[in-house]
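Here the structure is laid out as structure tokens; the discussion comes afterwards.
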Amino acid sequence: KREECLEQYLYQKISKDVFNELTQPPPPAKVELMSTTRQDYKVEGFKSVPPQPTMKHDYKTEQAITFWSENIQKVTGVTNIRTRDTPFKKNSSFSTPIYESMGDPEPHTLENYPNL
């Protein structure tokens, strides 16, 4: 009888240990956390040196250089450009009646604005 109790006890204990071992999730692997910015753009020892400007610029008065201003000739649906410093101004000359536009410069001519 004692052997049976010992056998049953060991059977239950080993079954419980195996069950706990199989159902317990493994400890999480140690992950090195590194952002894309840190991994791809932060190089040890790199010193950022901005280039020297080739000319003085005044951001308050100059026309901004954008994709659209650089590719103005390729963009379809843009009315005629009369000034180079403000290429995307509204142009209502196509819908202005002839009697109202007498004496105004033609839409395709450049205005006498300074080229900033």
Side-chain angles (χ1 to χ4, degrees):
K1 177 119 174 140
R2 184 181 165 131
E3 279 185 24
E4 286 180 19
C5 284
L6 183 63
E7 186 179 337
Q8 193 173 9
Y9 169 74
L10 288 174
Y11 179 75
Q12 286 178 351
K13 184 176 188 292
I14 292 173
S15 295
K16 186 178 179 183
D17 290 346
V18 169
F19 177 76
N20 288 340
E21 190 177 305
L22 292 176
T23 58
Q24 204 172 41
K30 189 169 185 173
V31 178
E32 185 178 336
L33 299 176
M34 187 174 288
S35 68
T36 303
T37 302
R38 189 164 159 211
Q39 182 177 356
D40 295 342
Y41 299 107
K42 303 282 184 183
V43 178
E44 292 293 325
F46 176 75
K47 300 273 187 200
S48 175
V49 180
Q52 293 295 323
T54 56
M55 59 190 318
K56 280 203 172 263
H57 293 286
D58 185 9
Y59 72 93
K60 296 177 184 175
T61 58
E62 289 184 7
Q63 173 71 21
I65 297 174
T66 64
F67 171 81
W68 299 109
S69 64
E70 287 289 307
N71 297 297
I72 190 83
Q73 303 303 329
K74 300 174 190 172
V75 178
T76 58
V78 177
T79 57
N80 292 328
I81 300 165
R82 298 177 68 191
T83 62
R84 292 188 182 141
D85 61 333
T86 53
F88 294 104
K89 280 184 132 180
K90 293 181 181 177
N91 185 348
S92 62
S93 60
F94 65 91
S95 62
T96 305
I98 294 174
Y99 61 87
E100 287 183 19
S101 65
M102 295 299 280
D104 289 344
E106 294 181 9
H108 54 81
T109 59
L110 290 175
E111 289 184 6
N112 291 327
Y113 289 152
N115 186 9
L116 299 175

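The first residue of the sequence shown is numbered 1, and numbering continues consecutively from there.
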[X]: partners by side chain to side chain contact (heavy atoms under 4.5 Å, CB included), with sequence neighbours left out:
X	result
K74	N71
V49	none
D58	K60, T61

Solution key, residues 10-20 side-chain donor-acceptor pairs under 3.5 Å, sequence neighbours excluded:
from	atom 1	to	atom 2	distance (Å)
S15	OG	Y11	O	2.8
N20	ND2	K16	O	3.4

Pairs touching residues 44-57 that satisfy side chain to side chain donor-acceptor pair (under 3.5 Å), sequence neighbours left out: H57-E62

